[in-house]
2 protein chains.
Amino acid sequence: MPPKRRAEMVEETRAKLVRAARAAFAEKGYAAASMDDLTAEVGLTRGALYHNFGDKRGLLQAVVNQIDEEMAARAHAIGSQADSAWEGLLAEGAAYIEMALEPEVQRVVLLDGPAVLGDPSQWPSQNSCLRATIETVEALIAQGVVKPVDAEAASRLLNGAALNAALWIAASNDPRAVLARAVEAFRCLAAGLLVARD
Amino acid sequence: MPPKRRAEMVEETRAKLVRAARAAFAEKGYAAASMDDLTAEVGLTRGALYHNFGDKRGLLQAVVNQIDEEMAARAHAIGSQADSAWEGLLAEGAAYIEMALEPEVQRVVLLDGPAVLGDPSQWPSQNSCLRATIETVEALIAQGVVKPVDAEAASRLLNGAALNAALWIAASNDPRAVLARAVEAFRCLAAGLLVARD
DNA sequence: CAGACAAACATACGCTGCGTATGTTAGTTG
DNA sequence: CAACTAACATACGCAGCGTATGTTTGTCTG
């Protein structure tokens with residue numbers, strides 16, 4: 001094993017802290033997660049935490065950024081393999097809803113994130129999911145598939161709808177059934193963006 | 001002044017606590033609001049709080065219920081004076097977006113509420129706003145104006161879209177301008193529920 | 001290559017704040 | 001009017017965050 005450089009050690013420490021925080025925040029929620037327990041689980045102390053991330057919020061920010069980027073990557077991968085750009089948008093929305101079913105996403109990104117860090121669109125990660133949706137909508141407008149609406153406004157509402165659907169599904173007794181209802185309603189609403197039909 | 005009955009005193013105490021909590025939660029957020037300061041402002045101590053509401057969460061629940069009911073009443077009043085049921089739904093949505101601009105609603109009901117109390121639809125207040133929207137949608141379906149979609153699913157997504165729009169607006173530099181963009185996009189999405197157009 | 005310097009943590013401390021256990025007062029009932 | 005209880009206030013313990021202060025280990029320079 002080659003001797004570890006300083007930078008590598010730091011990166012490893014940060015990664016360990018973020019990994020532990022991800023699990024703790026998802027399981028207990030931000031407020032109930034103890035920084036002492038968190039750091040001890042990976043053989044560190046709070047000293048490492050406050051050195052690397054400033055404070056508890058800083059750690060949450062790092063966790064949120066990581067998850068958010070993973071979500072955007074997954075959503076984009078799913079959306080890009082659809083037959084048409086329009087179907088891509090719908091698939092992207094459905095994927096977003098499904099991802100939000102994971103406790104990590106739900107608890108950390110959708111519930112505690114906004115409450116502790118404020119409006120998601122102001123986050124450093126710039127809410128990757130939102131940006132991806134905006135680009136897709138803009139492309140659809142350019143293709144003449146979607147009406148020349150405000151792409152950002154439409155994307156934000158679409159994402160908001162998907163987000164709320166996810167909360168609904170997660171709290172339900174029969175997630176699979178509710179998921180189907182939510183996706184159907186999502187497709188229906190999104191159709192409002194299309195140019196005249198029939 | 002007639003001698004105050006015991007029940008009246010209790011009701012007055014509860015009202016004072018809820019009023020103080022509303023202000024404190026809206027201004028500082030749930031986590032940063034101190035129960036000591038809160039109660040002292042209305043000449044009480046934490047003893048009164050834990051006796052009447054059980055714990056800090058209980059107080060938040062009471063505050064949320066109160067605001068939620070006020071919102072539903074306002075939205076219903078606005079929606080019911082529209083020319084048609086369809087315009088009523090749109091007006092209701094717009095009203096919901098506008099109400100969410102108030103710090104009280106935004107901070108307490110939309111951010112801290114879900115994070116601390118969990119999914120809003122599981123709240124004792126049953127999320128009055130959602131119920132109102134569902135009823136409106138069901139009526140529109142019965143009238144043949146809206147496609148026979150899942151009323152609950154559609155209502156939840158509509159509300160979610162409005163909610164997200166509100167967060168966006170509140171964080172923007174030019175709320176009035178963004179409000180207009182959001183309402184326009186909302187009308188556009190909602191149109192997806194209509195039966196065939198043109 | 002030795003000494004200085006700073007980064008990367010660990011340790012120790014204080015303070016805030018929640019919840020609870022225990023008092024105290026005032027109203028209600030038999 | 002005496003016993004009882006609801007409605008608070010007071011007092012205490014404890015967890016947890018942030019910070020101030022050590023300590024070690026790498027890195028850089030003359």
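Every chain is numbered from 1 and lettered A, B, ... according to where its sequence line falls, protein lines coming before strand lines. The shown structure was predicted, so the numbers you read here are calculated from the model rather than taken from an experiment.
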Shortest non-hydrogen separation from B/I97 to B/A162 and the atoms involved = CG1-CB, 3.6 Å
Rounded to the nearest 0.5 Å, how far apart are NZ of A/K56 and CD of A/Q61?
->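 These two atoms lie 15.0 Å from each other.
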Side chain of [X] (C-beta onward), nearest among [options]:
X: A/V10; options: D/dC8, C/dC13, C/dA8; result: C/dA8
X: A/K56; options: D/dG18, C/dC9, D/dA9; result: D/dG18
X: B/D55; options: C/dG19, D/dG16, C/dG17; result: C/dG19
X: B/A48; options: C/dA8, D/dC8, C/dC13; result: D/dC8
X: A/L44; options: C/dA10, D/dT19, D/dA9; result: C/dA10

Nearest whole angstrom, please: distance from the [atom2] of [N] to the [atom1] of [X].
X: A/E12; N: C/dC9; atom1: CD; atom2: P; answer: 10 Å
X: A/F53; N: C/dA8; atom1: CZ; atom2: C1'; answer: 13 Å
X: B/R46; N: C/dT16; atom1: CZ; atom2: P; answer: 13 Å
X: A/M35; N: D/dG18; atom1: CE; atom2: P; answer: 8 Å
X: B/L59; N: C/dG17; atom1: CG; atom2: C1'; answer: 15 Å
X: B/Y50; N: D/dC12; atom1: OH; atom2: P; answer: 18 Å
X: B/K16; N: D/dA7; atom1: NZ; atom2: P; answer: 15 Å
X: A/L38; N: D/dG18; atom1: CG; atom2: P; answer: 13 Å

Does a nitrogen or oxygen in the side chain of [X] sit under 4.0 Å from OP1 or OP2 of [N]?
X: B/N52; N: D/dC8; value: yes
X: A/T13; N: C/dC9; value: yes
X: A/H51; N: C/dA8; value: yes

Taking only Lys NZ, Arg NE, NH1 and NH2, and the carboxylate oxygens of Asp or Glu, determine whether B/R187 and B/E87 approach each other closer than 4.0 Å.
-> yes
Watson-Crick and G-U pairing of DNA chain C, under 3.5 Å, as dot-bracket with | and [ ] = ||||||||||||||||||||||||||||||
So what does B/A33 hit on the nucleic acid, given a heavy-atom distance under 4.0 Å: a base, only sugar-phosphate, or nothing?
-> sugar-phosphate
Could you check whether B/S34 gets within reach of a base, just the sugar-phosphate, or nothing at all, counting any heavy atom under 4.0 Å?
->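 Contact class for B/S34: sugar-phosphate only.
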Option from A/R107, A/R22, A/R74 for which salt bridge (Lys or Arg N to Asp or Glu O under 4.0 Å) with A/E102 holds | A/R74
How do A/D37 and A/G54 order along DNA chain D: which one's closest nucleotide is nearer the 5' end?
-> A/D37
List the steps, then state whether side chain to side chain contact (heavy atoms under 4.5 Å, CB included) holds for A/T13 with A/H51.
-> CA-CA 11 Å; A/T13 296; A/H51 181 73; over 6 Å; no
Verdict with supporting geometry, A/T133 and A/L89, side chain to side chain contact (heavy atoms under 4.5 Å, CB included) | CA-CA 7 Å; A/T133 304; A/L89 178 66; 4.1 Å; yes
Going only through I, L, V, M, F, W and Y residues with side-chain contacts under 4.5 Å, is there a path from A/M71 to A/L117?
->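 Per the 4.5 Å side-chain linkage, A/M71 and A/L117 are co-clustered.
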Do you reckon A/L49 sits in the same ILVMFWY cluster as A/V42, going by side-chain contacts under 4.5 Å, direct or chained?
-> yes
